[in-house]
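First the proteins, then the strands, lettered A, B, ... as listed; each starts at 1.
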Amino acid sequence: MRNGELIGSYIVPVHPHTILVPEQNEGWSRLREAYDTAAQRIKDSGADLLIIYSTTWPSIIGHQIIADPNPEWVMVDHDFHDLGSIPYSFNIDEDFAHAWDKANEKRGLKSRTVAYHGFPIDVGSVVALKLLNPDNSIPAVIVSSNVYANRSETTVLAKACMDVVKATGRKAVAVTAMSLSNRMFTTPIEPKDDRIHSLKDDEWNRKILEFLGEGRLEDVGQLSRTIHQQIRVNKVVAFKPMWWLSGMNQNRNNLTGEVLAYEAIHGAGGAVVHLDPTPSGTGDKEYDEDDVEYFAGERNVLDAEHDVIVEAESITEPVSKAIETNGPALWEPTESEDSVNSNAAPKPVGAYPHARRVGDLLYLSGVGPRQPGTNSIPGGPIHDENGNPLNYDIKAQTQAVIDNITRILEEAGGSLADVLDVTSFLVDMDRDFQGYNEVWAETLGQVGPTRTTLAIKALPTPIAVEMKVIAKAPATD
Amino acid sequence: MTKGEIVAGCLAPHPPHLVYAENPPQNEPVAEGGWEQLRWGYERLRESLADVEYDAIVLLSPHWQTYVGTHFLGLPHFKNLSVDPVFPNLFRYHYELDIDVELSQQIHDRAAEAGLATKMMNNPDFRVDYGTITTGHMFNPGWDKPFVVISSNRSRDYYSVEVMQEMMMELGRVTREAILASGKKVVVLASNSLSHRHFTTESAIPEDMSKEHITSHAMHLWDMRMIEYFRTGQAQRIIDEMPEFTEQAIAESDGGGLTWLLSTLDLPTYPGILHGYGTIIGTGNAIVEWPARNHKEA
Ligand SMILES: [Fe+2]
């Protein structure tokens, strides 16, 4: 498994002045220089993917991702058409676009790819890509900004993107094409007269840039709604790009930030900001919003999803093939005089019980991290339905295994403290032993059972760890 | 010179689904029909005007969004491919469109004189927005009349519905004056939906009419209230209730088209003809004609 990563983030302005007429105003030319500096840094960083989130491409049906490998057209701005036309021809990573689309759906988002000749790529994306990637040497992807998306949806969009970055081993750069304050002058102005529309907007912009300069990206994300109310004209629903960018950066607040330029473009606040992932050691989060992994918001206006209802049936029949396509069918645990089965533990993948009592001992069947009921895997599955590897969290999986063991022992009237001997199976010893061992030390390591850890080729479901347990049986009355 | 005339004013919404469902040769995607109630409504509107002579169509579309004033297409001919950035799966339309540059300039000049910020759009690479193309096609699929195309100034976003209305009432007034002074017979079209809360999912077959309905009861009530005013000649009440309607029904009247239309028609007190009503991915759409030709001033 290759471990891709985000190697940098940039915030860049959207209006076409920096491409078409930078020489007409000193501020515009400083923005252009900052754009050029950013382009050089991206090139020097060895980035192999540019990911653009653009606020000037609104969408309604979920998020849209450009997947035309070579979109070409001539862009003319709706307002600033008199400044000229911008021909474009871009190098789009269609494979990444499709993988991101799939990853979105896995995390509960509506998503689709767009690959139509003549599709109008928005002004923000065109300006950002032309200036940051002038020779098209780095493949790019572009995602829309959904007008109805809230923070959780926008955060999950970023996490789905990072799933693909990690799984495909990319060195990615994230870009938000956006204004800070977005209030423009509503009448034509002379270029020399350009300035931030109001002192209030200017003060807020400087505060935002102070935070970003200190690498406090998540703080800006958490202030998003406030910023929107204070200095944003209602073009998009909220100051969303900071949610996305912070999600791309693991909602961190200790990045290394640098403001390369801040100037007015027809009254709006335009800035070029570089956020490097190197920890700067500053900035605690002021408050924490939920860290959402999966989007479960109310999106089904058409009709409700039909819940899969699992009913206990004959013990020799799998109870549900539909509940989880990513793995084998599930079975009801078999029943016998000395079996111990728990509704709080995940369903077996064959005809066997959760545990069996023999004298003073309890023998447990192999326990994995799948969650009872939903069958989801904490930390994520290790591959998708098609067998494509996914990034996953071994510590979350290990903890979930131990939680399931606890549930079965509690069903038998005991607890985790009764565990005597454990055989652990890992599908990737090199990658996972350390994380598995850390969780062990904090849990079963405190109990003190004997332990054997083996590397094996595969487990029946897309999980990375399973444990076989022998425990003391609690005394029966 | 003979006095110009507004022969009709229409609310003529533009969801690209309607063009998609019609399968015209200009549009690339292919549909199995859908949204018939609205398409029949457009048919009735076209029949209503079939024997009426006019020289030009003046149209305001909320999808040419301008923040720096009101803009007017200023070249005689535009030809390009229009792809809807929101529904590219439904709308990829090869258009050719003629502009009545003279009338455009006349309305532009009067608007500028009245103190509105204005600009002529003279860039030949400009792509005409899909709202204009959809309404243009549904209203006149033969494309045999020249247009005046007016952008949607986003004053509602920048200020409020009230400020938007002040500006659009003024733009409507000068549009009317310019038309009357031009000696031309004109149809004016406001290209917008009523209630405008979309579904955020799309069914596997977009034209699956078993999935189509208004998003919520509240949206339905607002749409019916507006239609009642349309049908009973109560333009002033529409203007009065526009702030509540626009905010509560998230109505596409936020683009100013409806206010501008009613002002251009001098706030009609005669009934509008409802040619059709239907929903499109949850939004409410009415096709309404005010037959101004039958209600000339004495
Ligand atoms: Fe629209």
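- Chosen from A/Gly84, A/Ser85, A/Gly267, the residue pairing most often with chain B at heavy-atom distances under 4.5 Å is A/Ser85.
- Neither the backbone nor the side chain of A/Asp122 has a heavy atom closer than 4.5 Å to any heavy atom of chain B.
- If you measure heavy-atom distances from B/His94 to chain A, you find no contacts under 4.5 Å at all.
- Between B/Pro88 and A/Arg112, the closest heavy-atom pair is CD-NH2, 4.3 Å.
- Highest contact tally toward chain A, considering only B/Pro85, B/Ser210, B/Ser151, B/Ser216, is held by B/Pro85 [criterion: heavy-atom pairs under 4.5 Å].
- Under the 6.0 Å distance and 45° angle rule, B/Arg92 does not count as a cation-pi partner of A/Phe119.
- With chain B as the partner, the residue from A/Asp82, A/Val114, A/Val74 showing the most heavy-atom pairs under 4.5 Å is A/Asp82.
- Contact between A/His81 and B/His71 at its shortest, heavy atoms only, is NE2-ND1, 2.7 Å.
- Annotation: the span from A/Leu83 atom CG to B/Asn123 atom CG amounts to 9.5 Å, rounded to 0.5 Å.
- Contact detail for A/Thr187 and B/Ala117: the closest heavy-atom pair is CG2-CB, 3.8 Å.
- Between atom OG1 of residue B/Thr201 and atom CD1 of residue A/Ile60 there is a gap of 12.0 Å, rounded to the nearest 0.5 Å.
- A donor-acceptor pair under 3.5 Å is formed between the side chain of B/Lys119 and the backbone N or O of A/Asp79.
- Using a 4.5 Å heavy-atom threshold, the side chains of B/Ser155 and A/Thr186 count as separate.
- The candidate from B/Arg156, B/Arg127, B/Met121, B/Glu28 with the greatest count of non-hydrogen atom pairs under 4.5 Å with chain A is B/Arg127.
- No more than 12 heavy atoms of other residues, nucleotides or ligands lie within 6.0 Å of NZ in B/Lys79, so this atom counts as exposed by the packing criterion.
- In this structure, no portion of B/Asn153 lies under 4.5 Å from any heavy atom of chain A.
- The two residues A/His117 and B/Val83 make their nearest non-hydrogen contact at O-CG2, 4.0 Å.
- Residue contact with chain B, scored on non-hydrogen atoms closer than 4.5 Å, involves the side chain of A/His266 exclusively.
- Figure legend: A/Arg183 and B/Tyr159 shown as a cation-pi pair, the cationic atom lying under 6.0 angstrom from the six-membered ring centre and within 45 degrees of its axis.
- Using modelled atom types, one side-chain atom of B/Tyr158 and one backbone atom of A/Met184 make a donor-acceptor pair closer than 3.5 Å.
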Practice task
Before giving the answer on side-chain contact (heavy atoms from CB on, under 4.5 Å), spell out for A/Tyr148 and B/Arg197 the whole-Å C-alpha distance, their side-chain angles and the decisive distance to 0.1 Å.
Solution key: CA-CA 10 Å; A/Tyr148 296 116; B/Arg197 181 60 163 92; 3.4 Å; yes
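- Not less than 6.0 angstrom separates the ring centroid of A/His78 from the ring centroid of B/Tyr67.
- In this structure the side chain of B/Asn80 reaches within 4.5 angstrom of the side chain of A/Trp73, judged on heavy atoms.
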